[in-house]
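Here is the structure we will look at, set down as structure tokens.
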Amino acid sequence: YYLRCDREGSARDEIAMSKIGRSANCDKGDVSVWSERFGGAALVTGASMGIGEAFAQALAAGGMDLVLVDCDRERLEALARTLEAEHRIRAVTVAVDLAHPDAAQAVRTGVEAAGLSIGLLINNAGYGVYGPFTEQNSSEQAGMVDVNCRAPVSLTRAFAPDMVAR
């Protein structure tokens, strides 16, 4: 991650995927402005590895509570334990396949059961099916569209009204 800060030292919304770097006017404490700015917890899909895990680590370092969503329950729970121990935040896991039509409702139910509200939604989960189109499995193509397109829209629909109201 690269977190850019303005001259007053408050965090801007610019994150680039690389190693954590900070300008001279930004320190770890400044990242916590995200929790003040967005309120609630950050929900990160595709959180068990890669860019999603990096988002989760950076947000936890800034003091934000997290809802980690992915289909890999073991990796999610291990990440949650690590982030809670290292950053003294709350990390809730929701293991769900975002290709499932009711995935957004399952995530919403998990968030409500944990007593959290979402202030920042990072729709990071996604994948691609490769090869000649006519040789691809149609159910894999449909799953890819569900995860990459339907799930982000459904999750945004599920959480945006509360975020806007705040």
Side-chain angles (χ1 to χ4, degrees), residues 1-6 8 10-18 20 26 29-73 75-77 79-80 83-84 87-129 140-166:
Y1 287 94
Y2 178 77
L3 175 64
R4 179 178 287 163
C5 293
D6 64 21
E8 291 80 38
S10 63
R12 286 190 199 166
D13 296 336
E14 182 173 338
I15 298 176
M17 294 305 116
S18 67
I20 293 179
C26 181
D30 292 325
V31 182
S32 67
V33 75
W34 289 358
S35 59
E36 293 171 21
R37 178 175 184 181
F38 296 110
L43 190 154
V44 182
T45 67
S48 70
M49 59 188 225
I51 295 170
E53 182 180 3
F55 272 121
Q57 289 172 349
L59 292 165
M64 285 197 79
D65 289 337
L66 300 171
V67 176
L68 306 172
V69 178
D70 202 291
C71 57
D72 189 333
R73 180 180 309 276
R75 288 181 77 125
L76 277 181
E77 290 176 358
L79 176 61
L83 294 176
E84 286 177 332
H87 302 290
R88 292 186 221 143
I89 54 98
R90 183 173 178 202
V92 173
T93 62
V94 180
V96 64
D97 182 353
L98 292 175
H100 192 276
D102 296 326
Q105 184 56 48
V107 173
R108 177 84 186 186
T109 299
V111 168
E112 290 173 352
L116 293 173
S117 64
I118 300 302
L120 179 61
L121 173 60
I122 300 177
N123 283 309
N124 171 72
Y127 70 95
V129 178
E140 288 179 12
Q141 290 173 328
M144 178 184 67
V145 171
D146 287 341
V147 171
N148 296 353
C149 301
R150 186 189 40 76
V153 170
S154 297
L155 287 166
T156 302
R157 174 63 57 201
F159 293 104
D162 293 340
M163 292 172 20
V164 170
R166 260 195 308 279

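Residue indices begin at 1 and follow the sequence shown. Because the structure is a prediction, the values reported are computed rather than measured. Scope of the values below: all heavy atoms of this structure, side chains included, with no hydrogens, waters or symmetry mates.
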Do any N or O atoms from the side chain of [X] and from the backbone of [Y] form a donor-acceptor pair under 3.5 angstrom?
X      : Y      : answer
Asp72  : Arg75  : yes
Arg150 : His100 : yes
Thr45  : Ala125 : yes
Glu84  : Arg90  : no
Arg166 : Ile118 : yes

For [X] against [Y], the heavy-atom pair lying closest together:
X      : Y     : answer
Leu76  : Val94 : CD1-O, 3.6 Å
Leu116 : Ala41 : CD1-CB, 4.4 Å
Thr93  : Ala80 : CG2-CB, 3.7 Å
Asp70  : Ala47 : OD2-N, 3.4 Å
Ala56  : Leu66 : O-CD1, 3.5 Å

* To do: List in chain and number order the residues that pass side-chain hydrogen bond (donor to acceptor under 3.5 Å, both in side chains) with Asn148, two or more places apart in sequence or in another chain; answer none if no residue qualifies.
  =>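 With sequence neighbours excluded, Asn148 shows a side-chain hydrogen bond (donor to acceptor under 3.5 Å, both in side chains) to no residue whatsoever.
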* Distance from Leu98 atom CG to Asn123 atom CG, nearest 0.5 Å? ->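 Going from CG on Leu98 over to CG on Asn123, the span is 8.5 Å.
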* Asked: To the nearest 0.5 Å, what is the distance between CG (Leu68) and CD (Glu77)?
  ->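 One finds 10.5 Å between CG of Leu68 and CD of Glu77.
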Does [X] reach the side chain of [Y], with side-chain heavy atoms less than 4.5 Å apart?
X      : Y      : result
Leu43  : Ile122 : no
Leu59  : Asp65  : no
Leu155 : Val107 : yes
Glu53  : Leu79  : yes

* Asked: Is any NZ, NE, NH1 or NH2 atom of the basic residue among Arg108 and Asp102 found under 4.0 Å from an Asp or Glu carboxylate oxygen of the other?
  ->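 No, this pair does not count.
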* Steps toward side chain to side chain contact (heavy atoms under 4.5 Å, CB included) verdict (Leu120, Met64) -> CA-CA 10 Å; Leu120 179 61; Met64 285 197 79; 4.2 Å; yes
